[in-house]
Amino acid sequence: MRLSRYFLPILREAPREAEIVSHRLMLRAGMLRQEAAGIYAFLPLGLRVLRKIETIVREEQGRSGAIELLMPTIQSADLWRESGRYDAYGKEMLRIKDRHERDMLYGPTNEEMITEIFRAYVRSYKDLPLNLYHIQWKFRDEVRPRFGVMRGREFLMKDAYSFDLDEAGARHSYNKMFVAYLRTFARLGLKSIPMRAETGPIGGNLSHEFIILASTGESEVFCHKDYLDMAVPGADVNFDDVAGLQGIVDQWTSQYAATSDMHDPAAWELVPADKRVSARGIEVGHIFYFGTKYSAPMKAVVAGPDGKEVPIHGGSYGIGPTRLVAAIIEASHDDAGIVWPQQVAPYKVALLNLKQGDSACDAACGELYRDLGAKGVEVLYDDRDDRPGAKFATADLIGIPYQVMVGPRGLAEGKVEVKKRADGSKELMSPAAALDLLSK
RNA sequence: CGGGGCAUAGCGCAGUCUGGUAGCGCGUCUGGUUUGGGACCAGAAGGUCGCAGGUUCGAAUCCUGCUGCCCCGACCA
């Protein structure tokens, strides 16, 4: 993409309302536009990051055996009356009426709807286990939205729902998601730590929050230092291996880890002092087992091997892609701007023409731009008629992993300079070598 | 929902106390000189001062009501 033809409204100064660093940087980098309290438009650069996150989430959901569908944002109130949550959910739920005065709502979650879909088609234990998920916008009318997309009212959520014949099966489904989450966050460039969690209004009795550590995190967390170096399961993990998966989960729940609301000072004292990590954290995922909480009232039942109908055991599993955009920035930035992990970066390479209009620079850039593109490398080519300093500042701000600087000084030697955004290291090399390095 | 604050050009702000018809920086546009870490000169465009009433000869400024947004707290992916 040529920057001169792109839509990247960067700001030199952050709007006053933005307080935390990810919100400020998202606004400054032209990723995000606030439309109302807690409601945002994703601008092109922000959308690219969001899509990359979604892709990784999808791949790992798929790997674990979950199947994607797509449910609507608007739901009928009747469904929620069936589960009893229409009255229980409170003002967080945005309630609306259609032209026929029917009660509708903008879904804050989809347990009821997925249960309705499930019960309409699934009748036999032979069709289990089943895990269905979607990635869809949710609306929760938070009393106080804040921190940009970190706590918005409208937000994108991946929510998966598992269906099993019994608790043991549900436990395995839970473990699959547990492992999928470990892999997902690792692939997003984050160190996530599963922490025992309260189950909240969703209900149930087995639940973990996946927390990433960030100095600007919203909650206080306590965990054993060993979590920071624990090995994340590889892509070859066998999700059908019940005992193997349980082993991974056991390992990842073997040490102390708790958010402040679940903190147990007595147990914390048992952690060796040099192993105690007390920090701030951001919740990026949450998984629940809730048994028959929805299946019983909503009559989602299957016939078991003995012919008797039993309500299924369910679980739900959430990840917030929009929040993750901010969480990744919180975990990865410096004074100059965002430092994207390569897997989620909106572009891999920023190609900076340091002297637009100079025939040698224009030619070298044009060639690199074309060749990188031909190799499938995502390049943002800064071909604006601007000072080098401004281009450096923009590239640093938007956090593209590699900057290729093409200027008269280097070209005189037949070289371009490649800078890694993450550590600031720079290396002079021929355009051919740069092409080779960057298309790996 | 309790407490606090803010609303003036795309962004950051001054002007409000003490009423006289709106200004600065950045950005934008034109021309020129520039070009390896946010250039310089000259010129220009851009604002119903959040909205509605009121007081006054006159309101960004004073009064009343409303709306929006932000921060702290309680609650939450």
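Side chains included, hydrogens not; waters and symmetry mates left out as well; all remaining heavy atoms used. Letters A, B, ... mirror the listed sequences (proteins, then strands); counts begin at 1. Since this is a predicted model, take the numbers as computed values, not measurements.
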Given [options], the nucleotide with the shortest approach to the side chain of [X]:
| X | options | value |
| --- | --- | --- |
| A:Leu11 | B:rA77, B:rC11, B:rG38 | B:rC11 |
| A:Arg323 | B:rA77, B:rG12, B:rG38 | B:rA77 |
| A:Ala393 | B:rU35, B:rC11, B:rG38 | B:rG38 |
| A:Arg387 | B:rA39, B:rA77, B:rG38 | B:rA39 |

Pairwise [atom1] distance, [M] and [N] [rounded to whole Å]:
| N | M | atom1 | result |
| --- | --- | --- | --- |
| B:rC71 | B:rC26 | C1' | 26 Å |
| B:rA60 | B:rA74 | C1' | 37 Å |
| B:rU55 | B:rC72 | C1' | 37 Å |
| B:rG37 | B:rA22 | P | 42 Å |
| B:rC70 | B:rU28 | C1' | 28 Å |

Q. Near RNA chain B, under 4.0 Å by heavy atom, which residues of residues 362-369 of chain A?
A.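 Heavy-atom cutoff 4.0 Å gives no residues at all.
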Q: Give me the residues of residues 336-354 of chain A where at least one heavy atom lies under 4.0 Å from an atom of RNA chain B, by number, or none.
A: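 Per residue number, the list reads A:Leu354.
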Students often get this wrong, so: under 4.0 angstrom with heavy atoms, is [X] touching a base, only sugar-phosphate, or nothing?
| X | result |
| --- | --- |
| A:Gly407 | base |
| A:Gly357 | nothing |
| A:Thr322 | nothing |
| A:Lys158 | nothing |
| A:Arg144 | base |
| A:Asp358 | nothing |
| A:Gly152 | base |
| A:Gly389 | sugar-phosphate |
| A:Ala36 | sugar-phosphate |
| A:Arg153 | nothing |

If we count only N and O atoms by modelled type, under 3.5 Å, do the side chains of [X] and [Y] hold a donor and an acceptor together?
| X | Y | value |
| --- | --- | --- |
| A:His263 | A:Tyr256 | yes |
| A:Asp396 | A:Gln403 | yes |
| A:Glu154 | A:Tyr106 | yes |
| A:Asn175 | A:Gln246 | yes |

So do [Y] and [X] actually touch side chain to side chain, heavy atoms under 4.5 Å?
| X | Y | answer |
| --- | --- | --- |
| A:Asp383 | A:Cys365 | no |
| A:Lys158 | A:Tyr133 | yes |
| A:Pro44 | A:Leu47 | no |
| A:Lys419 | A:Met405 | yes |

Q) Relative to the 5' end of RNA chain B, which residue comes earlier, A:Ala37 or A:Glu209, by the nucleotide with the nearest heavy atom? A)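 Nearer the 5' end of the strand: A:Ala37.
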Q: Could you pick out which residue, A:Pro408 or A:Gly38, lies toward the 5' side of RNA chain B when each is mapped onto its nearest nucleotide?
A: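 That would be A:Pro408.
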To the nearest Å, give me how far apart [atom1] ([X]) and [atom2] ([N]) are.
| X | N | atom1 | atom2 | result |
| --- | --- | --- | --- | --- |
| A:His286 | B:rA77 | NE2 | P | 6 Å |
| A:Trp137 | B:rA77 | CH2 | C1' | 13 Å |
| A:Tyr106 | B:rA77 | OH | C1' | 15 Å |

Tell me which nucleotide, if any, is Watson-Crick or G-U wobble paired with [N] when both distances must be under 3.5 Å.
| N | value |
| --- | --- |
| B:rU28 | B:rA44 |
| B:rC1 | B:rG73 |
| B:rU64 | B:rA52 |

Identify whether the distance between the nearest side-chain nitrogen and carboxylate oxygen of [X] and [Y] falls below 4.0 Å.
| X | Y | value |
| --- | --- | --- |
| A:Lys52 | A:Glu378 | yes |
| A:Glu59 | A:Arg187 | yes |
| A:Lys375 | A:Asp436 | no |
| A:Glu111 | A:Arg85 | yes |

Q) Ring stacking, A:Phe392 with base of B:rG38, under 5.5 Å and under 30°? A)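 Given the distance and angle limits, no, they do not stack.
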It should be established whether [X] places a side-chain nitrogen or oxygen under 4.0 Å from OP1 or OP2 of nucleotide [N].
| X | N | result |
| --- | --- | --- |
| A:Lys91 | B:rC1 | yes |
| A:Gln34 | B:rG68 | no |
| A:Arg16 | B:rC6 | no |

Do any N or O atoms of the protein come closer than 3.5 Å to N or O atoms of nucleotides 25-33 of chain B, and which pairs are they?
unit_1 : atom_1 : unit_2  : atom_2 : d
B:rG25 : N2     : A:Glu13 : OE1    : 3.0

Q) What distance separates A:Met113 CE from A:Trp80 CH2, expressed to the nearest 0.5 Å? A)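 One finds 9.0 Å between CE of A:Met113 and CH2 of A:Trp80.
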Q) Which atoms form the tightest heavy-atom contact between A:Gln255 and A:Met230, and what is the distance? A)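 So the two residues come closest at CG-CE, 4.4 Å.
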